[in-house]
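These notes concern the structure reproduced below.
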Amino acid sequence: MTKSQLIHKQNRLVEKTVAELDSAYRQHHKKVKSFLLKALFPNGTLAPQYSQDYVLSTLQEAARILEARVAGITDRQLKEALLLGLLMYFEDIGSPISVAEAREILSLSASGMQIVSEVTRLLNHTTANTSGRIERMVVQAYNQELLLQVADQRDNDRLLELYMMTETADGFAAALEAEGFVGIVDSAGRRWKPDVYAMMVLRTMLREANVAMQQEQARNDGFDLAWISDHNVDNPCNLWENTIISLNGMDSRFPTYEEAKATLEVFHPNCQHYLNVIRDLADVPAYVLSTTESKYGIKLQP
């Protein structure tokens with residue numbers, strides 16, 4: 001396959017992985033919602049049928065099942081995506097290898113396995129966040145009268161709102177959707193649904209994995225330079241498109257990947273730019289050389 005075909009296949013694999021994760025999250029949320037409405041609101045109003053400990057332990061077991069499913073999806077699909085990234089590297093340097101050879105190299109790559117573990121950790125962190133929110137809502141439901149007393153004493157509109165949310169099945173179901181089934185809430189207060197967060201994590205971490213493998217292989221093969229892809233985006237990334245950087249800091253004329261990333265102009269979360277490893281500057285397109293010369297104020301062409 002060509003580099004563009006490999007990139008397309010990797011992007012489609014990410015989309016497929018997010019779809020699988022989204023399905024897992026939706027099935028989990030549906031089961032949790034159904035269980036809680038039956039356990040807490042058998043007749044449409046709050047009247048718990050089971051002890052609080054039993055309900056919480058059931059939720060925790062459901063979360064463990066979801067975490068195992070997420071880990072399985074991530075491990076299987078991300079390893080395949082990393083394999084495609086490795087094939088891209090060898091396409092870049094003009095020495096294509098077979099899928100079997102790439103699998104063997106990947107099996108020995110510490111950086112690749114670390115990325116798989118980190119992505120799994122990040123995605124399961126969202127499961128833990130969601131479970132924590134739902135468990136707090138359950139505790140509030142079991143302590144509804146106490147919640148109302150505290151709200152009255154403090155004249156707290158937010159506490160009164162929570163009390164109203166846990167009073168009826170419809171209110172609780174709406175609260176689950178708005179407050180419970182959220183992957184993360186970031187520092188800016190934005191609420192990320194699990195599937196949206198998963199897409200961001202997968203894109204970002206897969207790029208980091210591709211670069212880590214490129215750095216590792218280039219160091220072994222004696223290469224150091226790469227140029228940043230062109231997507232004609234309308235954001236600060238375009239300041240770096242078609243420019244050459246150093247993978248491992250062996251050529252001081254060019255900033256390293258880490259230095260380019262540190263500008264916050266390129267390789268940000270969700271960034272879809274990728275690197276094209278350079279075997280010889282003579283093989284680099286003239287427009288890349290010109291863009292690089294203009295950006296750094298150096299001479300690369302005769």
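As the structure is a computational prediction, the values presented were derived from the model and not from experiment. Positions are given from 1 along the sequence.
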| Non-neighbouring partners of E135 that pass salt bridge (charged side-chain N to carboxylate O under 4.0 Å, His left out), sequence neighbours left out | none

| query | Between Q27 and S23, does any side-chain donor sit less than 3.5 Å from a side-chain acceptor? | reply | yes

| query | Under the salt bridge (charged side-chain N to carboxylate O under 4.0 Å, His left out) test, which residues partner E104, sequence neighbours left out? | reply | none

| Can you find a pair of side-chain heavy atoms, one from N129 and one from H125, that are under 4.5 Å apart? | yes

| said: Checking Y257 now: which residues fulfil ring pair (Phe, Tyr, Trp, His ring centres under 6.0 Å) with it, not counting sequence neighbours? | reply: F267

| Looking only at heavy atoms, what is the nearest atom pair of S98 and L87, with distance? | O-CD2, 4.0 Å

| Hydrophobic cluster membership, F181 vs I65, 4.5 Å side-chain cutoff | no

| Within residues 46-78 or reaching into it, pairs that qualify as ring pair (Phe, Tyr, Trp, His ring centres under 6.0 Å) - sequence neighbours excluded | Y50-Y54

| note | Residue pairs passing the salt bridge (charged side-chain N to carboxylate O under 4.0 Å, His left out) test with at least one member in residues 53-77, sequence neighbours excluded, are E20-R76, E61-R64, D75-K79

| Under the ring pair (Phe, Tyr, Trp, His ring centres under 6.0 Å) test, which residues partner H28, sequence neighbours left out? | none

| Closest non-hydrogen atom pair between A209 and L82, with its separation | CB-CD2, 3.1 Å

| said: Determine whether a donor-acceptor pair (N or O, by modelled atom type, separation under 3.5 Å) exists between the side chain of T204 and the backbone of N270. | reply: yes

| query | Taking only residues two or more places apart in sequence, or in another chain, which ones meet E80 in a salt bridge (charged side-chain N to carboxylate O under 4.0 Å, His left out)? | reply | R103

With a 3.5 Å cut-off and sequence neighbours excluded, list the donor-acceptor pairs that the side chains of residues 33-46 form with protein atoms.
none

| request: Give a yes or no answer on whether the side chain of T291 reaches the backbone of V288 with a donor-acceptor pair at less than 3.5 Å. | output: no

| field | Contact summary for T74 and V116, nearest pair of heavy atoms | value | CG2-O, 4.4 Å

| message | Contact between L300 and T292 at the side-chain level, heavy atoms closer than 4.5 Å - yes or no? | response | yes

| task | Tell me yes or no: between the side chains of Y89 and D221, is some donor less than 3.5 Å from an acceptor? | result | yes

| task | Among residues two or more places apart or on two chains, list those pairs meeting ring pair (Phe, Tyr, Trp, His ring centres under 6.0 Å) that have a residue in residues 187-227. | result | none

| task | Find out whether T130 and T127 are in side-chain contact, i.e. whether some heavy atom of one side chain is under 4.5 Å from a heavy atom of the other. | result | no

| request: Tell me, please, which residues at least two apart from E15 pass salt bridge (charged side-chain N to carboxylate O under 4.0 Å, His left out). | output: R12

| message | Pair V138, Y142 - check side chain to side chain contact (heavy atoms under 4.5 Å, CB included), show working. | response | CA-CA 6 Å; V138 168; Y142 274 89; 3.8 Å; yes

| task | Determine whether Q114 and E118 make a side-chain contact, defined as any pair of heavy atoms from C-beta on separated by less than 4.5 Å. | result | no

Using residues 245-252 as the side-chain source, report each donor-acceptor pair under 3.5 Å to any protein atom, sequence neighbours left out, with the distance given to one decimal.
residue : atom : partner : partner atom : Å
S246    : OG   : D224    : OD1          : 3.2
S246    : OG   : D224    : OD2          : 2.6
S246    : OG   : G249    : N            : 2.7
S246    : OG   : M250    : N            : 3.4
N248    : OD1  : R219    : NH1          : 2.7
N248    : ND2  : Q215    : O            : 3.0
D251    : OD1  : R253    : N            : 3.1
D251    : OD1  : R253    : NE           : 3.1
D251    : OD2  : R253    : NE           : 3.4
D251    : OD2  : R253    : NH2          : 2.8

| said: Quick one, E241 with S229, criterion side chain to side chain contact (heavy atoms under 4.5 Å, CB included). Give me CA distance, side-chain angles, the key distance, then yes/no. | reply: CA-CA 6 Å; E241 291 183 336; S229 61; over 6 Å; no

| Would you say the side-chain atoms of Q272 and N11 include a donor-acceptor pair closer than 3.5 Å? | no

| query | Could D283 and R279 be called an ion pair, given the rule that one side-chain N must be under 4.0 Å from one carboxylate O? | reply | no

| Contact check, side chains of Y296 and T243, non-hydrogen atoms, under 4.5 Å | yes

| request: Taking atom NZ of K9 as the centre, report whether more than 12 heavy atoms of other residues, nucleotides or ligands fall under 6.0 Å from it. | output: no

| task | Scan residues 81-100 for pairs that pass salt bridge (charged side-chain N to carboxylate O under 4.0 Å, His left out), counting only residues two or more places apart or in two chains. | result | K3-D92

| said: Does any part of the side chain of Q217, heavy atoms only, come nearer than 4.5 Å to the side chain of F90, both counted from C-beta? | reply: yes

| said: I need the I244 CD1 to L225 CG distance, nearest 0.5 Å. | reply: 6.5 Å

| request: Start with the C-alpha gap between I134 and L176, add the side-chain angles, then the distance that decides, and say whether side chain to side chain contact (heavy atoms under 4.5 Å, CB included) holds. | output: CA-CA 7 Å; I134 295 172; L176 275 176; 4.1 Å; yes

| query | Below 4.5 Å, heavy atoms only, C-beta onward: do N210 and L275 meet side chain to side chain? | reply | no

| task | Could you tell me whether the side chain of V119 reaches within less than 4.5 Å of the side chain of L202, counting heavy atoms only? | result | yes

